[in-house]
Amino acid sequence: MRKPVALPVLSADALSSVAYGPEAMLAVLVLGGAAGLAYSVPIAATIAFLMLAVGVSYRQTIRAYPHGGGSYIVASDNLGRVPGLIAAAGLMTDYILTVAVSIASGVAAIASAVPSLATDAVPIGVGVIALLLAGNLRGIRQAGALFAAPTYAFIIAVFALVAVGLVDAAGRGFHPTAAPHLNATESVGVLLVMRAFASGATAMTGIEAISNAVPAFKPVEWRNARTTLTWMVGLLIVLFAGTVAMVRLDGVVPSTQETVLSQLAHRSFGSGPLYVLTQAATAAVLLLAANTAYNDFPRVLFLLARDRHAPQIFLRLGDRLAFSNGIILLSIAAALVYVAFSGMTASLIPLYAVGVFLAFTLSQAGMVVHWWRLRERHWRKSLFFNATGALLSAVVFLTAGTTKFTEGAWVAVLAVGLFLVVTMRIRRHYETVGKALRLHPHAIELPTPTIPAHPSRGAAQSPATTSQLPEALPDARTEEDARTEEEDEETPEEIRHLSVVPIATMDLAGMRALAYAASLHQPVLALHVSSEEDEAERFREYWTLWGDHLPLEVVVSPYRAIVAPLVHYIEALHAKRPDLTLTVILPEIVTMRWRYRLLHSRIAPRLRHALRPLPKIVVTTVPFHV
């Protein structure tokens, strides 16, 4: 992406937090009355410094990880497996709450302009989540001016709001407008100030997005990413500080009927078109911010599944080249959280800060270890910046976790703990299964193949074509015989077989499926689907080392899809030889405990469903019990 496009697309999450971050801070301070609101400016200044420090520290992350350095990757590489998983838990909590909080705040912006919709906030929010689910399952992606427009519109609207407000304040000598009389319900103390600081710091969410997406930039990627990050942090500080300044000058206080940003827009623009445009831009950028989680959440799940900490179903892309299973899981989790907290932004904020700053802290702590270990050029300066970011992030995390524990932060802490337990158990199960499946010196030997092997044949590209199919199939009948025969075989002698055995890896389950197919004394063809050519070449080497007992066909599926390439290949094979009965024999891992069944592929039912319209195709499985 070019920088003018990358800036709004990747900054939507961070910049849109201006719509709820300052309000979350004020909602706590207002409990202390006028004396509490007096702390808004110094707290906002502290948060602005925190934004600057964390932004500078993420510039070091981009330099160290030019291919993308998310919190999970950085923490795992430098701190170890458990800190990496804790960082992943914080990230996933962050993404779920990004959807819930952004939609809650967006609905609040709409309800501020159209008060009659306030009572329908929950169904409206759930409906928006459903739309995001449907759109992302169809493969919608953030790109181009279409997705850049809401962020730029929001930036312009807030700048205009602040500029008009400052001009108006200048006319009265910058004397603050008196705020409505407030009855204090809490005494102003350290605890209240810390709670307000933790709530306001949620305006920093999404600040790590650019460091995750470095490869998406045009060359030189890391340099363009750092420049874009600098612009994003600068805009975030200006928008955040400008909003808080206008709140102070205009005497605005949080209200359950209207958002703070809406009140400021009313004072600057009245109720005319500019006000409507401001609210529309706010709702649009919040919706875009929610959609960014649909790109990042499935990607983290993919990384976890790759490292065997999550079910393998999260490795695969759907028919629209989207991580469908991760998208569905995110939508369900976000909808449940949104409904459980009645779509109230103020209720969701205490959960938000914990996950955000937990990931920040571990990522920056990992970078400190990274610089100390490598000690490259300018390593001391980079270590200092990352250490500062780690320390400040840890302070916010501990502050949010302790001061807001009873307000809902305990839910996030519990979710992180459960996530750690579940992912470690999943890893342990996959390690147990891996040991059971590992080939040994007495692995199954198969008889001489009934179809000559073609070791020199290259990998086929998905979808398969008839020119890429095995050349040495059983003797073909005439086309006329094939057309007239259809499914008229009534005796065993009339059925002509070809067994197709999809093999993912060279393990005992695959060997058992091949042995079963060979024992039928019918022609057998092994079929392997690889995500890239290097992987395909490695599999061919393993196959040759094993003995090349059977003919092998390799299909390269660059989008990590499995079922679709299998279906395309088998359909092409059936079209070439409709007189054959094709038996697809799949190895199947069968676990003794039901709770582990979701951790293993269920390809057979999907293949049966896809191939059902074609005659003379049988799909069966050979179980391997663990």
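Every heavy atom of this structure was used, including side-chain atoms; hydrogens, water molecules and symmetry mates were not. What you are looking at is a predicted structure, and each value in this text was computed from that prediction instead of being measured.
Nearest heavy atoms, A289 versus A12: CB-O, 3.8 Å. Between V524 and L498, the shortest heavy-atom contact is N-CD1, 4.3 Å. Contact between Y430 and A310 at its shortest, heavy atoms only, is CE1-O, 3.6 Å. Taking both residues in full, the closest heavy atoms of S499 and A517 are given as CB-CB, 4.2 Å, listed atom of the first, atom of the second, then distance. Here the closest heavy-atom approach between residue A290 and residue I103 is recorded as CB-CG1, 4.1 Å. Closest of all the heavy-atom pairs between A436 and F624 is O-CZ, 3.7 Å.
If you check the side chains of D296 and N212, you find no donor sitting under 3.5 Å from an acceptor. Under 3.5 Å, the side chains of Y294 and S331 contain a donor-acceptor pair of N or O atoms.
Every residue meeting the side-chain contact (heavy atoms from CB on, under 4.5 Å) condition with V411, not counting sequence neighbours, appears here in chain and number order: L351. Taking the side-chain hydrogen bond (donor to acceptor under 3.5 Å, both in side chains) definition, one finds that T98 meets it with D94, Y352, sequence neighbours left out. For N224, the side-chain hydrogen bond (donor to acceptor under 3.5 Å, both in side chains) test picks out no residue, with sequence neighbours left out. Residues that satisfy the side-chain hydrogen bond (donor to acceptor under 3.5 Å, both in side chains) test with R427, not counting sequence neighbours, are E431. Every residue was checked against the side-chain hydrogen bond (donor to acceptor under 3.5 Å, both in side chains) condition with H370, not counting sequence neighbours, and none meets it.
With hydrogens and angles disregarded, a donor-acceptor distance shorter than 3.5 Å links the side chain of R608 to the backbone of V619. The closest donor-acceptor contact from the side chain of Y569 to the backbone of A564 lies at 3.5 Å or more, if one exists at all. When atom types are taken as modelled, the side chain of N78 and the backbone of M367 share no donor-acceptor pair closer than 3.5 angstrom. In terms of modelled atom types and a separation under 3.5 Å, the side chain of S211 and the main chain of E208 share a donor-acceptor contact. Distance alone, capped at 3.5 Å, places no donor-acceptor pair between the Q312 side chain and the L599 backbone. Using a distance-only test at 3.5 Å, with no hydrogens or angles considered, no donor-acceptor pair links the side chain of W543 to the main chain of P551. Looking at D307, its side chain never comes within 3.5 Å of a backbone N or O of H309 through a donor-acceptor pair. A donor-acceptor contact shorter than 3.5 Å links the side chain of K616 to the backbone of D579. Within the 3.5 Å criterion, the main-chain N or O of P8 finds no donor-acceptor partner in the side chain of S11. A donor-acceptor contact shorter than 3.5 Å is absent between the side chain of H568 and the backbone of V563.
How far OH of Y596 is from CZ of R593: 5.5 Å, rounded to the nearest 0.5 Å. In this structure, L288 CG and T151 OG1 are separated by 4.5 Å, a value rounded to the nearest 0.5 Å. The distance from atom CZ of R496 to atom OG1 of T581, rounded to the nearest 0.5 Å, is 10.0 Å. Between the CG atom in L329 and the CZ atom in F314 there is a gap of 5.0 Å [rounded to 0.5 Å]. Residue I73 holds its CD1 atom at 11.0 Å from NE2 of H67, rounded to the nearest 0.5 Å. Summarising the geometry, atom CG belonging to L520 is positioned 7.5 Å from atom NE2 belonging to H497; distances are rounded to the nearest 0.5 Å.
Two residues are said to be in side-chain contact when any heavy atoms from C-beta on lie closer than 4.5 Å; D77 and Y65 meet this criterion. At least one side-chain heavy atom of L132 sits under 4.5 Å from a side-chain heavy atom of L287. Using a 4.5 Å cut-off on side-chain heavy atoms (C-beta onward), I503 and L514 make contact. Put simply, the side chain of L229 does not reach to within 4.5 Å of the side chain of L10, judged on heavy atoms. Side-chain atoms of V567 and L611, non-hydrogen and from C-beta on, do get closer than 4.5 Å to each other. Side-chain contact check for I62 versus I210: some heavy-atom pair is nearer than 4.5 Å. The closest side-chain heavy-atom distance from V622 to L586 is not below 4.5 Å. Counting heavy atoms from C-beta on, the side chains of L133 and I328 come closer than 4.5 Å.
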| task | Let me see the working for S530 and H528 under side chain to side chain donor-acceptor pair (under 3.5 Å), right down to the final yes or no. | result | CA-CA 6 Å; S530 290; H528 175 71; 2.6 Å; yes
For salt bridge (Lys or Arg N to Asp or Glu O under 4.0 Å), just list the numbers for R538 and E541, CA-CA rounded to whole Å, side-chain angles, deciding distance to a tenth of an Å, and then say yes or no.
CA-CA 5 Å; R538 282 195 299 271; E541 292 174 359; over 6 Å; no
Working note: L362 + L79, criterion side chain to side chain contact (heavy atoms under 4.5 Å, CB included); need CA distance, chi angles, decisive distance, verdict. CA-CA 8 Å; L362 290 172; L79 301 178; 4.2 Å; yes
message: Under the criterion side chain to side chain contact (heavy atoms under 4.5 Å, CB included), I'd like the reasoning laid out for L582 against L573: C-alpha separation, chi angles, the key distance, then a yes or no.
response: CA-CA 9 Å; L582 302 178; L573 189 59; 4.0 Å; yes
Report the C-alpha separation of H600 and V433 in whole Å, then their side-chain angles, then the decisive distance to 0.1 Å, and conclude whether the side chain to side chain contact (heavy atoms under 4.5 Å, CB included) test is met.
CA-CA 10 Å; H600 298 281; V433 172; 4.0 Å; yes
### Query
Given M511 and M506, is the side chain to side chain contact (heavy atoms under 4.5 Å, CB included) satisfied, shown in steps?
CA-CA 7 Å; M511 294 298 101; M506 296 289 291; 3.7 Å; yes
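Checked against the 6.0 Å centroid threshold, Y58 and F360 count as a close aromatic pair.
Partner of R540 under the salt bridge (Lys or Arg N to Asp or Glu O under 4.0 Å) criterion, out of E553, E535, E533: E533 alone.
Pairs engaging residues 582-591 under the side-chain hydrogen bond (donor to acceptor under 3.5 Å, both in side chains) rule: E588-R602, E588-T621 [sequence neighbours left out].
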